[in-house]
Amino acid sequence: MDRLIYTALTGMRARLAAQGVTANNLANAGVTGFRREISSLASRYLGGPEGATRVQADDAVTSASTDPGHITPTGQPLDVAVSGPGWIAVQASGGAEAYTRRGDLRIAPTGVLETGDGHPVIGNAGVITLPAGDASIAADGSVSVRLAGAAAPAVVDRIKLVDPPPGDLHKDSAGLFRSADAVDAAPDVRLQTGALEGANVDSARGLVELIEQSRGFDVSAKLLSATREIDEAGAKLMRLDN
């Protein structure tokens with residue numbers, strides 16, 4: 001009887017974890033450049049002297065979708081969207097290099113070019129710091145600033161754009177992507193300036209997934225209840241009348 005109980009229990013735990021992933025995706029559907037997470041489940045067979053006699057739901061494995069999001073023109077000079085494959089290099093909170101598709105860039109009071117969530121953008125020589133002036137960004141990632149009194153803008157730095165193989169990146173808890181090995185700049189990656197890429201979350205699909213996961217949880221809960229009834233019925237049959 002305990003076999004059925006653990007099968008139902010691991011199923012409920014896996015469905016609950018998947019619901020958390022889907023709910024997080026829906027909560028971030030309006031965040032610029034957000035990449036939706038994917039929860040994958042697998043069956044785990046328990047072996048023994050008589051072979052694999054039990055099966056349980058394994059722990060959920062979460063990965064991230066690299067599908068492109070919808071690009072919306074904004075007309076803002078510091079808004080950029082990566083055209084096609086590629087990533088913008090930023091400095092994560094621990095100082096390591098990380099990657100994002102979030103292109104709502106801004107200039108901090110210190111002059112540092114950063115993303116909308118506060119991660120400094122990396123250029124040819126580390127974090128990009130701009131002098132006071134009107135800044136603009138070109139399709140190849142070059143950042144120019146027109147200084148006061150200058151006839152033309154001058155190129156200050158170039159945003160590091162990378163394009164590692166999709167399998168080399170993993171998403172961290174802060175929503176940034178990281179690579180185990182150093183990633184070189186990819187000169188072919190281009191930016192669409194004056195535009196932002198939205199999240200790649202399909203809200204309607206997410207709601208359907210949430211309903212399906214909720215129903216799966218209910219089925220596992222009913223299975224647990226049925227197990228208890230079977231156990232009680234078995235105990236009643238074995239009970240000796242006085």
Side-chain angles (χ1 to χ4, degrees), residues 31-37 63-108 110-147 152-200:
V31 176
T32 301
F34 177 80
R35 305 290 89 173
R36 71 182 177 91
E37 298 175 348
S63 57
S65 169
T66 57
D67 294 340
H70 181 70
I71 294 179
T72 304
T74 65
Q76 299 299 319
L78 295 184
D79 285 348
V80 295
V82 178
S83 298
W87 302 85
I88 299 170
V90 297
Q91 187 180 65
S93 56
E97 184 172 299
Y99 309 100
T100 182
R101 298 275 293 195
R102 183 163 185 160
D104 53 341
L105 307 185
R106 64 189 183 189
I107 301 175
T110 57
V112 172
L113 184 66
E114 63 182 23
T115 59
D117 54 353
H119 294 291
V121 178
I122 293 177
N124 292 327
V127 171
I128 297 177
T129 302
L130 303 176
D134 296 330
S136 61
I137 301 173
D140 65 350
S142 298
V143 183
S144 301
V145 176
R146 183 191 294 274
L147 303 176
V155 175
V156 177
D157 207 334
R158 181 178 180 181
I159 297 173
K160 182 179 180 180
L161 303 172
V162 302
D163 186 20
D168 289 359
L169 297 181
H170 66 276
K171 190 176 182 180
D172 66 14
S173 58
L176 298 175
F177 285 77
R178 297 176 184 253
S179 174
D181 302 318
V183 180
D184 296 328
D188 294 336
V189 176
R190 286 293 180 270
L191 299 175
Q192 182 176 339
T193 59
L196 289 177
E197 180 185 12
N200 63 350

How many angstroms lie between atom [atom1] of [X] and atom [atom2] of [Y], to the nearest 0.5 angstrom?
{"X": "I137", "Y": "I128", "atom1": "CD1", "atom2": "CD1", "value": "8.0 Å"}
{"X": "R36", "Y": "T66", "atom1": "CZ", "atom2": "OG1", "value": "9.5 Å"}
{"X": "D168", "Y": "D163", "atom1": "CG", "atom2": "CG", "value": "10.5 Å"}

All side chain to side chain donor-acceptor pair (under 3.5 Å) counterparts of R146, not counting sequence neighbours: none

Under the side chain to side chain donor-acceptor pair (under 3.5 Å) test, which residues partner S83, sequence neighbours left out?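 By the side chain to side chain donor-acceptor pair (under 3.5 Å) rule, S83 matches no residue at all.
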
Does anything in [range] pair up under side chain to side chain donor-acceptor pair (under 3.5 Å), and if so which pairs, sequence neighbours excluded?
{"range": "residues 129-145", "answer": "D140-S142"}
{"range": "residues 67-81", "answer": "S65-D67, T74-D79"}
{"range": "residues 175-194", "answer": "D172-R178"}

Looking only at heavy atoms, what is the nearest atom pair of [X] and [Y], with distance?
{"X": "A132", "Y": "V145", "value": "O-CG1, 4.1 Å"}
{"X": "E97", "Y": "V183", "value": "OE2-O, 4.0 Å"}
{"X": "P131", "Y": "L147", "value": "CG-CD2, 3.8 Å"}
{"X": "V189", "Y": "P85", "value": "CG1-O, 3.9 Å"}
{"X": "V143", "Y": "L113", "value": "CG2-CD2, 4.2 Å"}
{"X": "A185", "Y": "V162", "value": "CA-CG1, 4.2 Å"}

With N124, which residues qualify under side-chain contact (heavy atoms from CB on, under 4.5 Å), at least two apart?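 If we apply the side-chain contact (heavy atoms from CB on, under 4.5 Å) test to N124, skipping adjacent residues, the hits are D157, R158.
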
Which of these passes side-chain contact (heavy atoms from CB on, under 4.5 Å) with Y99: I122, L161, L169? L169

Got a salt bridge between R35 and E197, using NZ or NE/NH1/NH2 to carboxylate O under 4.0 Å?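 Counted as a salt bridge, because a side-chain N and a carboxylate O are separated by less than 4.0 Å.
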
Salt bridge check, D104 against R106: does any charged N sit closer than 4.0 Å to a carboxylate O?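 Salt bridge: no.
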
Is there a side-chain contact (heavy atoms from CB on, under 4.5 Å) between I159 and L105? Walk through the geometry before answering. CA-CA 11 Å; I159 297 173; L105 307 185; 4.0 Å; yes

Is the shortest side-chain heavy-atom distance between F177 and H170 below 4.5 Å?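 With C-beta onward as the side chain, the pair stays apart.
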
